[in-house]
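Have a look at the structure below before the remarks.
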Amino acid sequence: MHHINPSFIPPLLLRQLLIVLLLPCHRIIFTRAAVDKWDLLQSNIGISAMHMQLLNNDKVIIFDRTDFGASNISLPNGKCRNDQNDTALKHDCTAHSVEYDVALNSIRPLMVLTDVWCSSAAVMPDGVLVQTGGFNDGDHVVRIFRPCNDGSCDWQEIKNGLAQRRWYATNHILPDGRQIIIGGRRQFNYEFYPKKSLAEKAYNLPFLVQTNDPKIENNLYPFVFLNVDGNLFIFANNRAILFDYTKGVVVRTYPAVPGGDPRSYPSTGSAVLLPLKNLQGEAIGADVLVCGGAPKGAYINAVNGNFVGALNTCGRISITNSNPIWVMETMPLARVMGDMVLLPNGNVLIINGASKGTAGWELGRDQVLSPVIYQPEKKIGSRFEVQNPSSIPRMYHSTAILLRDGRVLVGGSNPHIYYNFTGVSFPTDLTLEAFSPAYLDPNSANMRPRIVSPVSHTTIGYRQLLVVQFTLSGVLNKDLVTVTMVAPSFTTHSFAMNQRLLVLSGNVTIVGTSSYQVQVLTPSLVNLAPRGYYLLFVVHRDIPSEGIWVQIK
């Protein structure tokens with residue numbers, strides 16, 4: 001809900017409110033609700049934040065595309081990119097990728113050699129970002145970025161690292177440490193990286209043919225999640241399968257979303273795997289939530305100048321249930337091209353996007369400025385809460401990712417073929433903002449835990465007891481403490497690839513004045529938490545600590 005700042009209440013209305021409060025027949029109690037807020041971090045990062053990934057050194061890799069023309073940030077030391085295949089500039093001395101340092105709030109230009117437009121990526125178990133595909137001369141390229149702290153790291157490119165062109169594909173880390181790359185424009189198949197041999201090719205996936213709407217597609221950037229049984233949940237258009245990628249076999253076909261409206265690109269909704277509870281000795285359930293999108297025919301309508309209202313529904317399904325059904329819920333705001341971000345306390349932030357049209361060049365209208373928080377543990381009908389609005393429209397090619405301090409980094413918006421800053425409804429946007437959920441309100445600081453140990457970048461194993469020590473200046477409620485682990489996502493085009501949150505409930509004990517420890521069991525299975533880097537938080541009364549990095553091996 002929107003929160004009212006008393007300083008903006010007219011004096012007469014304020015006096016009337018005080019009179020009402022003083023009347024003995026009215027038992028009205030006003031408590032100050034925690035307030036969410038927006039902060040402008042950078043007015044110009046030089047590029048539009050079309051793709052974003054947080055790395056384990058608290059730096060965010062951001063890129064857009066090379067064929068936009070010159071960006072607003074130069075490459076360092078007189079560097080230039082010479083590419084005779086580029087469709088905009090064959091000699092370009094500007095950067096199309098940057099590294100954002102969260103702690104310093106600073107930008108460092110990076111150099112990509114081939115076109116990364118509408119590509120995909122995943123962070124490998126060792127923390128290295130492996131990005132795949134793109135457009136034109138970049139569609140078969142694999143690019144590697146190894147995080148560093150001395151400003152020396154940059155993109156490395158493997159020219160023919162992919163068996164097929166990948167443009168609008170989805171990547172996911174697998175339990176064996178490889179990543180799978182699924183689909184893409186006119187690609188009804190999948191492949192792996194790294195490959196087991198040079199001869200390994202792509203494998204057919206008929207489901208992507210079945211979900212392809214002629215001349216529209218609606219099956220690009222499919223929503224992919226690793227299920228707790230090791231199979232992949234793959235959603236495209238308006239339906240989903242459970243897929244055994246090791247055998248190339250569909251294990252289960254889920255029912256179509258009620259109403260039959262498409263939810264994936266370009267009728268772009270978004271999706272998350274809801275928090276997984278790491279319960280000892282019990283079967284672990286998994287739910288997927290798919291929200292927003294555009295109704296059937298919306299893309300063709302938008303191309304013809306008729307901007308149809310976006311969908312205002314979410315579908316939630318238990319993908320581990322023996323008889324899974326979609327449970328439909330109504331959002332307070334219709335939304336297409338929204339992003340869904342898992343917050344450390346297990347809630348879902350739905351942010352960015354438009355209320356009419358679809359994804360694509362100039363095809364969205366009526367920006368949605370107010371985020372919504374979805375609380376999966378509450379009863380249906382009381383799960384959504386509207387947040388305070390931003391002042392910046394985030395339309396096509398916008399992104400949002402979680403940071404270690406609990407803020408959400410928001411950027412992007414470029415509905416044009418090139419950078420276009422004037423004379424259009426939604427100018428190209430080069431800003432970066434931070435959205436601070438209400439749990440970061442300074443008035444709640446005494447309820448916010450601070451992790452003392454383990455230290456950041458601790459290595460943990462599977463199914464082991466982990467003791468997390470923390471301090472708290474306020475009064476502790478032992479029953480409202482959890483530990484969560486969040487896998488940071490690669491986010492582009494309204495989908496956060498590899499986003500994952502595990503809840504590690506445990507027992508809290510007092511170890512000193514305002515000092516406590518909670519003993520939790522680390523994830524029991526590699527299917528539950530693939531190897532790699534996670535952000536670990538202590539959450540008290542829905543208020544998370546600042547996270548620490550842990551690497552599960």
> Do the non-hydrogen side-chain atoms of L208 and I182 ever get within less than 4.5 Å of each other?
Replying inline: yes
>> Could you work out, with ring-ring contact (aromatic ring centres under 6.0 Å, His included) as the rule, every residue matching Y396, not counting sequence neighbours?
In response: W361, H493
> Is atom OH of Y299 surrounded by more than 12 heavy atoms (other residues, nucleotides or ligands) closer than 6.0 Å?
Replying inline: no
>> Rounded to the nearest 0.5 Å, what separates atom CD in Q42 from atom OG in S106?
In response: 7.5 Å
>> So D429 and R394, do their side chains get closer than 4.5 Å, heavy atoms only?
In response: yes
> Atom NE2 of H397 and atom OG1 of T492: how far apart are they, to the nearest 0.5 Å?
Replying inline: 6.5 Å
> CG of D67 to CG of D115: how many Å apart, nearest 0.5 Å?
Replying inline: 4.0 Å
>> Under the side-chain contact (heavy atoms from CB on, under 4.5 Å) test against M485, which residue among L536, L501, L535 passes?
In response: L536
> Between atom CD of Q53 and atom CG of L129, what is the distance when rounded to the nearest 0.5 Å?
Replying inline: 5.5 Å
> Quick check: are there more than 12 heavy atoms from other residues, nucleotides or ligands sitting under 6.0 Å from NZ of K195?
Replying inline: yes
>> Please enumerate all residues that pass ring-ring contact (aromatic ring centres under 6.0 Å, His included) together with Y193, with sequence neighbours excluded.
In response: none
> Between V341 and Q499, does a side-chain contact (heavy atoms from CB on, under 4.5 Å) hold up when you go through it step by step?
Replying inline: CA-CA 8 Å; V341 180; Q499 187 174 219; 4.0 Å; yes
>> Using a strict threshold of under 4.0 Å (side-chain N to carboxylate O), is an ion pair present between E191 and K201?
In response: no
> Looking at I45 and V98, what are the two nearest heavy atoms and their distance?
Replying inline: O-CG1, 3.9 Å
> Is the F192 ring parallel, tilted or perpendicular to the Y203 ring (thresholds 30°, 60°)?
Replying inline: perpendicular
> Does the side chain of L402 reach to within under 4.5 Å of the side chain of L349, using non-hydrogen atoms?
Replying inline: no
>> Strictly distance-based, threshold 3.5 Å: is any side-chain N or O of S456 a donor or acceptor partner for the main-chain N or O of W549?
In response: yes
> If you take all heavy atoms of G177 and P125, which pair is closest and at what distance?
Replying inline: O-CD, 3.6 Å
> Partners of C118 by disulfide bond (SG atoms under 2.5 Å apart), sequence neighbours excluded?
Replying inline: none
> Should L226 and L232 count as side-chain neighbours, where that means a heavy-atom distance under 4.5 Å?
Replying inline: yes
>> I need the minimum non-hydrogen distance between C80 and H91, along with the two atoms involved.
In response: CB-CE1, 3.6 Å
> Can you list every pair that meets side chain to side chain donor-acceptor pair (under 3.5 Å) and has a residue in residues 211-222, with sequence neighbours left out?
Replying inline: R185-E217, D213-N218, D213-N237, N218-S267
>> Test: side chain to side chain donor-acceptor pair (under 3.5 Å). Region: residues 172-181. Which pairs qualify, not counting sequence neighbours?
In response: N171-Q179, H172-N498, D176-R178
>> Quick check on ring pair (Phe, Tyr, Trp, His ring centres under 6.0 Å): which of F495, F223, F225 does F235 satisfy it with?
In response: F223
>> Is it the case that the side chain of T491 and the backbone of T399 share a donor-acceptor pair, with hydrogens and angles ignored and the cut-off at 3.5 Å?
In response: no
> Hey, what do you get for CG (N347) to CG (L274), rounding to the nearest 0.5 Å?
Replying inline: 10.5 Å
>> Do V408 and L343 have side chains that approach each other closer than 4.5 Å (heavy atoms only, starting at C-beta)?
In response: yes
> Any idea which heavy atoms bring V336 and G357 closest together, and the distance?
Replying inline: CG1-O, 3.6 Å
> NZ of K90: more than 12 outside heavy atoms within 6.0 angstrom?
Replying inline: yes
> Is there a side-chain contact between C314 and Y374 (heavy atoms, below 4.5 Å)?
Replying inline: no
> Y100: what forms a ring-ring contact (aromatic ring centres under 6.0 Å, His included) with it, not counting sequence neighbours?
Replying inline: none
>> Please check this pair: side chain of R263 against backbone of S270, looking for a donor-acceptor N/O pair closer than 3.5 Å.
In response: no
> In terms of the angle between their ring planes, are Y190 and F243 parallel, tilted or perpendicular, with boundaries placed at 30° and 60°?
Replying inline: perpendicular
>> Tell me the closest heavy-atom pair linking A310 and A334, and the distance in Å.
In response: O-CB, 3.5 Å
>> For F426, is there any backbone N or O sitting under 3.5 Å from a side-chain donor or acceptor partner on H416?
In response: yes
> When D139 is tested against each of R165, R166, R186 for salt bridge (charged side-chain N to carboxylate O under 4.0 Å, His left out), which residue passes?
Replying inline: R165
>> Working note: T458 + I548, criterion side-chain contact (heavy atoms from CB on, under 4.5 Å); need CA distance, chi angles, decisive distance, verdict.
In response: CA-CA 9 Å; T458 291; I548 62 168; 5.7 Å; no
> Using 4.0 Å as the upper bound for N to carboxylate O, is an ion pair formed by R407 and D39?
Replying inline: no
>> Keeping S494 on the side-chain end and M337 on the backbone end, is there a donor-acceptor pair under 3.5 Å?
In response: yes
>> Has N388 got a side-chain atom pairing as donor or acceptor with D36's backbone, closer than 3.5 angstrom?
In response: yes
>> Looking at N352, is its backbone amide N or carbonyl O close enough to the side chain of R335 to form a donor-acceptor pair, meaning the two atoms are under 3.5 Å apart?
In response: yes
>> Using side-chain heavy atoms (C-beta onward) and a distance below 4.5 Å, is I61 in contact with W155?
In response: yes
> Can you find a side-chain donor-acceptor pair between R143 and T114 that sits under 3.5 Å?
Replying inline: yes
> Does atom NZ of K59 have more than 12 heavy-atom neighbours, drawn from other residues, nucleotides or ligands, at distances under 6.0 Å?
Replying inline: yes
>> Nearest 0.5 angstrom please: D101 CG to N57 CG, how far?
In response: 8.0 Å
> Less than 4.5 Å apart, any side-chain heavy atom of L113 and any of D83?
Replying inline: no
> Is S413 reaching over with its side chain to a backbone N or O of M395, donor-acceptor style, under 3.5 angstrom?
Replying inline: yes
> Hey, does the side chain of R108 reach the backbone of G151 with a donor-acceptor pair shorter than 3.5 angstrom?
Replying inline: yes
>> Please find the pair of heavy atoms, one from I350 and one from C291, that lie closest to each other, and give the distance.
In response: CD1-SG, 4.1 Å
> F68 vs Y419 aromatic rings, parallel, tilted or perpendicular, using cut-offs 30° and 60°?
Replying inline: perpendicular
> Can you list the steps and then say if E546 with R450 is a side-chain contact (heavy atoms from CB on, under 4.5 Å)?
Replying inline: CA-CA 7 Å; E546 185 171 274; R450 184 179 70 85; over 6 Å; no
> Counting N and O atoms only, with roles assigned by atom type, does the side chain of D86 sit under 3.5 Å from a partner on the main chain of A88, one being a donor and the other an acceptor?
Replying inline: yes
>> Between T358 and T268, is the side-chain contact (heavy atoms from CB on, under 4.5 Å) condition met? List the steps.
In response: CA-CA 7 Å; T358 72; T268 302; over 6 Å; no
